[in-house]
Amino acid sequence: MWADALPNLLIGLREGLEAGLVVSILLAAIRRSGGHRASTASTAPIWLGVVAAVVLALSFGAVLTFYRSVLPTTGQEALGGALSVVAVVLVTGMIFWMRRTARGLSGELRAKVADALRVSTAALALTAFLAVGREGIETALFLWTAAQASGTTVAPLIGAAAGIAVAVVLCVLLYRQSVRIRLDLFFNRTAILLIIIAGGVLSYGLGDLQDAGLLPGRTWLAFDLAPHLDVSSWWVSIVTGVTNLSPTMTWLQVAAYLGYLGIVLTTFVRAGRQANQPTADTPKPAEAPAPAPSRPPMRRRTVLTAVTAALVLPPVIAAALIVFAPGGLAASGQQIDVTTSACAPGWSAARTGAQSFTLVNKSGHTAEVNLVQAASQGIVAEIETLGPGTQQTMSATLAPGNYAWRCLIAALPTTVSATVAATGPAGAGGSAPRPVTPVSVADLTPPLNEYNAYVTGKLGQLAGQVVRVRADLAAGNIPAAQQDWLPAQLTWEQVGEEPYGSFGDSGVEIGAGPQGFPQGVNDPGFTGLRRLEYGLWHGQPASELITVADRLSSDIAGLQAQLPQVSLDPTDLPIRAHEILEDALRDTLTGQDDLGAGAEFPETYADTQADQVVLGELAALLNARDPSLLPTAYQQLDALRQALLATQTNGQWQSLSAAPLAQRQRVDAAIGAVLETLADVPDLLEVPAH
């Protein structure tokens, strides 16, 4: 817990100290300008501006928390990711601004106070409001994003509160000249740790944008340490808490993190070398500004009242309108609380028919919440990602029967609510969808065994096809080898393995392209079918390619021998039903996989055949949960195959670049339709996490 609190303690301390210093300097300027005549009334505008700035920051934080909580999951990810990036930009700018202006901050603010005193009381309040308000909004935004990145709210809030409290105490002591602190050293040295924290927040935010589909590369993992680490261990908590990094990161996240640290740290260090010698933190006395024109007490109170209303009320009213707007915090429906120890503790009554529930996550951790039918344990409705400290509205239609809530929180035991009978008018739940019964690994094992048997047959077929290609090469007949290469490639596509790497190194050696190798097509590790394709269509002599074909035959034989011992994950099979064609859309139909053969359309056709095989293996499980899905999917697969066959000319497949635009668009539309249908398969056949 304290590891998550430490970064936010630093943020609260730095930002609180910056805002506190501003207030201290403003008060000191007022004292110097009025001498012994300075009173509570003369400093009231400053405190008014401070209160207004705090209200603005709290209102901003409320909007961030509650408005985001009612968005759909993708909307939450998009908003959270965008705000994380904005927060990093603001904090990075603040770090360099403080380094550049810390030494002259006192004089700058004293000058502003002098100008404000010459104008009016309202100008003085506005000066304090603007000076502190920037720090407040920046603090609220960065604390919010840091809490999102850590996955918990309690520890970050405790850390931030402690940091702000320490900052307040220090500012009071500095104002009274009870202590002296080298503020320039403090800000510069803590900036290093803050840059590291900001890099982690940037990485987290980009991951959110990838999950929302706004950035590519969601499945391009640089590493996944989660299966190999105990995420609850103390040292993992320290690393993830301090850096905001995740055990699983994409290449974009890693590149952004390292690039941010490299650029910002280098620039920060260089800026430090050019800085002048620091001066004392306590501001030197300045010439007292000309006293402000006196105002009658009644007029002064009227001005302060008007300024108070102008600064404090607008942010409160705006936040209330956003939070309590239709679909906002005041969403209709029964509230369902999620805590670390209980799931829906107040769940005591339910009614039939359509209704909504407001799920509020008070656990401090990301949670998955299911509404289940007690008899079948089928899922009636669910929210897969309910962020810490957030809420979402979930709609469900209940038929007569007994229901319970199930809460799944990472690293914590699954909790289940009391079972409640849904009561109401007869037939009110007639339109209720069929509950989705969870599957188990045991349910998916028979389909996986069928898939293994199918793969065994395909590997035998592939071995014979590679022998024919090798014979063509031995005869020096490159055109014949090109013609015989395509059936071998299509057989491998029909296996449907390539997007997953389930066969380990053997799968990579047989079917991988050059993208993952340091030297690309010239890398010695680049072998297999794609290596043959490159050589056959790039003028390499047959004598060189014979070695590639021999290596390919050996790799196929090795996979055939080890296939019974390969440990495949049964939970991957439902994902394949969608990912096979998604991979085709992303890589094949964009030309990324092509190395000269121009076989994008026949390869995609083979992918549809692999997809239909996987769907057939899962048919019994799918029909029991959604009888309409498979007929729709099969119809859409047929439409996709017809669109692919239409790209042929005189019985010969055209390449992607040669096909008319209208034909390519029909293929894209057809594959998009079937992918939308198949996206439900992983959800219907999801194995519960606990």
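If you read the sequence from its start, that first residue is 1, and numbering goes on from there.
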Requested in this report: Carefully, step by step, assess Q663 and T647 under the rule side chain to side chain donor-acceptor pair (under 3.5 Å).
Outcome: CA-CA 6 Å; Q663 290 183 344; T647 64; 5.4 Å; no

Query raised in the report: Hey, mind stepping through I196 and Y260 against side-chain contact (heavy atoms from CB on, under 4.5 Å) and telling me if it holds?
Result: CA-CA 9 Å; I196 295 174; Y260 176 84; over 6 Å; no

Rounded to the nearest 0.5 Å, how far does [atom2] of [Y] lie from [atom1] of [X]?
X	Y	atom1	atom2	result
L640	L644	CG	CG	4.5 Å
D594	L589	CG	CG	11.5 Å
L684	T437	CG	OG1	10.5 Å
F517	T527	CZ	OG1	6.5 Å
Q636	L678	CD	CG	7.5 Å
L486	L529	CG	CG	10.5 Å

Query raised in the report: What pairs meet the ring pair (Phe, Tyr, Trp, His ring centres under 6.0 Å) rule with one or both residues in residues 527-551, with sequence neighbours excluded?
Result: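 The answer is W485-W537, Y534-H538.
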
Query raised in the report: Taking it one step at a time, do I510 and L462 satisfy side-chain contact (heavy atoms from CB on, under 4.5 Å)?
Result: CA-CA 10 Å; I510 293 172; L462 177 61; 4.3 Å; yes

Under the rule for salt bridge (charged side-chain N to carboxylate O under 4.0 Å, His left out), what residues qualify as partners of [X], not counting sequence neighbours?
X	answer
D555	R551
E603	R530
D626	none
R625	none

Report task. Give every residue pair that meets the salt bridge (Lys or Arg N to Asp or Glu O under 4.0 Å) criterion with at least one member in residues 655-680, sequence neighbours excluded. Result ->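 Matches after skipping sequence neighbours: none remain.
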
Donor-acceptor under 3.5 Å ([X] side chain, [Y] main chain):
X	Y	result
D523	G525	yes
E600	L656	yes
Q392	T385	yes
E544	P541	no
Y257	Y204	no
T456	N452	yes
E533	L595	yes
T266	I263	no
Q515	Q592	yes

Mind checking whether [X] and [Y] have side chains closer than 4.5 Å, heavy atoms only?
X	Y	answer
V372	V380	no
R470	S553	no
L459	Y454	no
P602	E493	no
L252	W220	no

Using the side-chain contact (heavy atoms from CB on, under 4.5 Å) criterion, which residues pair with [X]? Sequence neighbours excluded.
X	answer
Q648	L645, W653
A669	none
P438	I379, R406, P688
N623	A619, L630

Report task. Please collect all side chain to side chain donor-acceptor pair (under 3.5 Å) contacts where either partner lies in residues 472-484, sequence neighbours excluded, each pair once. Result ->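 Qualifying pairs, neighbours excluded: none.
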
**Report entry** Pair listing, side chain to side chain donor-acceptor pair (under 3.5 Å) test, anchored in residues 605-614, at least two apart
**Finding:**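 Found Q494-Q609, T608-R641, Q612-R641.
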
Non-hydrogen atoms of [X] and [Y] that approach each other most closely:
X	Y	result
A542	G476	CB-CA, 4.1 Å
V441	P570	CG1-CG, 3.8 Å
L536	L473	CD2-CD2, 3.9 Å
T571	L444	CA-CD1, 3.9 Å
Q465	T491	OE1-OG1, 2.8 Å
P447	D443	CD-O, 3.3 Å

Query raised in the report: Does Q635 CD have over 12 foreign heavy atoms under 6.0 Å away?
Result: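 Not buried by this count: 12 neighbours or fewer within 6.0 Å.
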
Query raised in the report: Near Q652 CD, under 6.0 Å, is it more than 12 heavy atoms from other residues, nucleotides or ligands?
Result: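 Open.
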
**Report entry** From CA spacing to verdict: side-chain contact (heavy atoms from CB on, under 4.5 Å), E384, D683
**Finding:** CA-CA 10 Å; E384 292 190 350; D683 293 333; 3.5 Å; yes

Query - Check against side-chain contact (heavy atoms from CB on, under 4.5 Å), V548 and L552 - result: CA-CA 6 Å; V548 178; L552 177 57; 5.6 Å; no

